[in-house]
Amino acid sequence: MGRILAIDLGTKRTGIAVTDTLKMLANPLEMVETPKLIDFLTSYFKKEEVETIVLGYPRHLDGNPNEMTPKVISLKERLSKLFPDKKLVLVDERFTSKMAMQTMIAMGSKKKDRIEKAGNLDKVSAAIILQSYLEQI
C-alpha cells in the first residue's frame, strides 16, 4: 500500500507531509527549498511507495485564484508528466498557514522558534492539507 504525500508550495520553501502506510495519519515530513522540490520527490519516491500526491490549492478567501494558484497548476502539470503513475489531487488550502501557526502555539512553540524555524510552519501546513484530504476520502 502506498502512502499519500502532500505539498504546500511556496515561493522559497515548500512543506511536505506524508501519511503512514495505513493512510490514517498525516505527519509533517520535510521543508524543501522550492527549486529543489523535484529532486527531493524523485529521491523520496525511489525509497517510499507513494500512490497519491495532494497539492495545496491556494485561493483568496472569496474563492478566486491568488498569485500562487498558477504556480500550483504548473507544478501539477509538471508532476503529472514526471510521475504519471501518481494520482494528483488539489485540496483547498485556505487558512492552513493560520491553522499551522495556531497548532505550533498550542504545542508550546515559542515566538522566536516559530520565526527561526519557518520551515516547521511549512511542514505543519502540508500536514493540515493532507489531514483535510484524508477526512474527505
Side-chain angles (χ1 to χ4, degrees):
M1 283 185 9
R3 298 174 188 265
I4 303 171
L5 180 135
I7 298 172
D8 182 24
L9 184 68
T11 54
K12 295 180 183 178
R13 296 179 316 267
T14 296
I16 304 198
V18 68
T19 63
D20 60 310
T21 54
L22 297 176
K23 299 180 204 145
M24 296 178 68
L25 301 172
N27 301 298
L29 177 66
E30 190 70 58
M31 182 280 298
V32 178
E33 293 176 25
T34 299
K36 298 178 181 178
L37 176 61
I38 299 298
D39 290 339
F40 173 85
L41 293 174
T42 301
S43 174
Y44 188 79
F45 295 158
K46 288 178 182 173
K47 296 182 282 186
E48 296 288 341
E49 185 180 341
V50 173
E51 64 184 42
T52 303
I53 301 171
V54 175
L55 294 167
Y57 187 61
R59 293 183 280 173
H60 289 292
L61 294 179
D62 64 5
N64 288 318
N66 69 19
E67 62 280 352
M68 285 300 294
T69 306
K71 293 175 180 159
V72 169
I73 298 298
S74 176
L75 176 62
K76 182 180 184 223
E77 291 169 359
R78 187 170 179 204
L79 293 175
S80 70
K81 290 176 184 168
L82 291 171
F83 310 109
D85 60 321
K86 312 284 186 232
K87 177 180 175 183
L88 288 159
V89 180
L90 295 174
V91 172
D92 187 350
E93 71 166 34
R94 287 178 285 182
F95 305 112
T96 56
S97 293
K98 188 173 188 174
M99 290 169 61
M101 182 64 75
Q102 291 172 342
T103 300
M104 291 178 71
I105 290 168
M107 291 175 17
S109 179
K110 296 178 183 166
K111 185 175 183 178
K112 180 181 177 189
D113 292 337
R114 292 190 308 268
I115 292 168
E116 289 177 357
K117 299 178 183 175
N120 287 337
L121 185 64
D122 300 321
K123 292 188 293 189
V124 172
S125 291
I128 291 170
I129 292 166
L130 183 52
Q131 188 62 46
S132 172
Y133 174 73
L134 291 174
E135 291 169 3
Q136 294 174 22
I137 59 173

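Just so it is clear, the values below take in all heavy atoms, side chains as well, and ignore hydrogens, waters and symmetry mates.
Annotation: side chain of Asp8 is not in contact with side chain of Ile128 (no heavy-atom distance under 4.5 Å). Considering only heavy atoms from C-beta on, Asp39 stays 4.5 Å or farther from Val32 through its side chain. When side chains are defined from C-beta on, Phe45 counts as touching Ile53, because their heavy atoms get closer than 4.5 Å. You'll find the side chain of Val91 reaches within 4.5 Å of the side chain of Gln136, heavy atoms only. For the pair Thr11 and Met68, the minimum side-chain heavy-atom distance is below 4.5 Å. Two residues are said to be in side-chain contact when any heavy atoms from C-beta on lie closer than 4.5 Å; Leu79 and Ile7 meet this criterion.
Residues that satisfy the side chain to side chain donor-acceptor pair (under 3.5 Å) test with Glu51, not counting sequence neighbours, are Lys23. Residues satisfying the salt bridge (charged side-chain N to carboxylate O under 4.0 Å, His left out) criterion with Lys36, sequence neighbours excluded, are Glu33. Listed by chain and residue number, Arg3, Tyr44 satisfy the side chain to side chain contact (heavy atoms under 4.5 Å, CB included) test with Glu48 (two or more places apart in sequence, or in another chain). When the side chain to side chain contact (heavy atoms under 4.5 Å, CB included) test is applied to Leu90, the partners found at least two apart in sequence or on another chain are Leu55, Tyr57, Val72, Ile73, Lys76. Under the side chain to side chain donor-acceptor pair (under 3.5 Å) criterion, Thr14 pairs with Thr34, not counting sequence neighbours. With sequence neighbours excluded, no residue satisfies ring-ring contact (aromatic ring centres under 6.0 Å, His included) with Tyr133. Every side chain to side chain contact (heavy atoms under 4.5 Å, CB included) that Thr42 has, sequence neighbours left out, goes to Ile38, Lys46, Phe83.
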Chi angles and distances behind the side-chain contact (heavy atoms from CB on, under 4.5 Å) call for Val89, Ile4
CA-CA 10 Å; Val89 180; Ile4 303 171; over 6 Å; no

Evaluate the criterion side-chain contact (heavy atoms from CB on, under 4.5 Å) for residue pair Leu37 and Leu9; output intermediate values, then yes/no.
CA-CA 9 Å; Leu37 176 61; Leu9 184 68; 4.2 Å; yes

side-chain contact (heavy atoms from CB on, under 4.5 Å) between Thr19 and Thr52: does it pass, once the steps are laid out?
CA-CA 10 Å; Thr19 63; Thr52 303; over 6 Å; no

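Side chain of Asp122 to main chain of Met31: no donor-acceptor pair is present (N/O by atom type, distance under 3.5 Å, no hydrogens or angles).
Leu29 contributes atom CG, which lies 10.5 Å from atom CG of Leu130 (distance to the nearest 0.5 angstrom). Here the CG atom belonging to Asp85 is positioned 11.5 Å from the OG atom belonging to Ser80, to the nearest 0.5 angstrom. Ser125 contributes atom OG, which lies 13.0 Å from atom CD1 of Ile16 (distance to the nearest 0.5 angstrom).
Scanning both residues, Ala126 and Ala6, for their nearest heavy atoms gives O-CB, 3.6 Å. Closest heavy-atom contact between Glu93 and Pro58: OE2-CB, 3.4 Å. A pairwise comparison of heavy atoms in Ala127 and Ala26 identifies O-CB, 3.5 Å as the closest pair.
Among residues at least two apart or in separate chains, side chain to side chain donor-acceptor pair (under 3.5 Å) pairs with a member in residues 65-74 are Asn66-Thr69. Screening residues 10-34 for ring-ring contact (aromatic ring centres under 6.0 Å, His included) gives no qualifying pairs among residues at least two apart or on separate chains.
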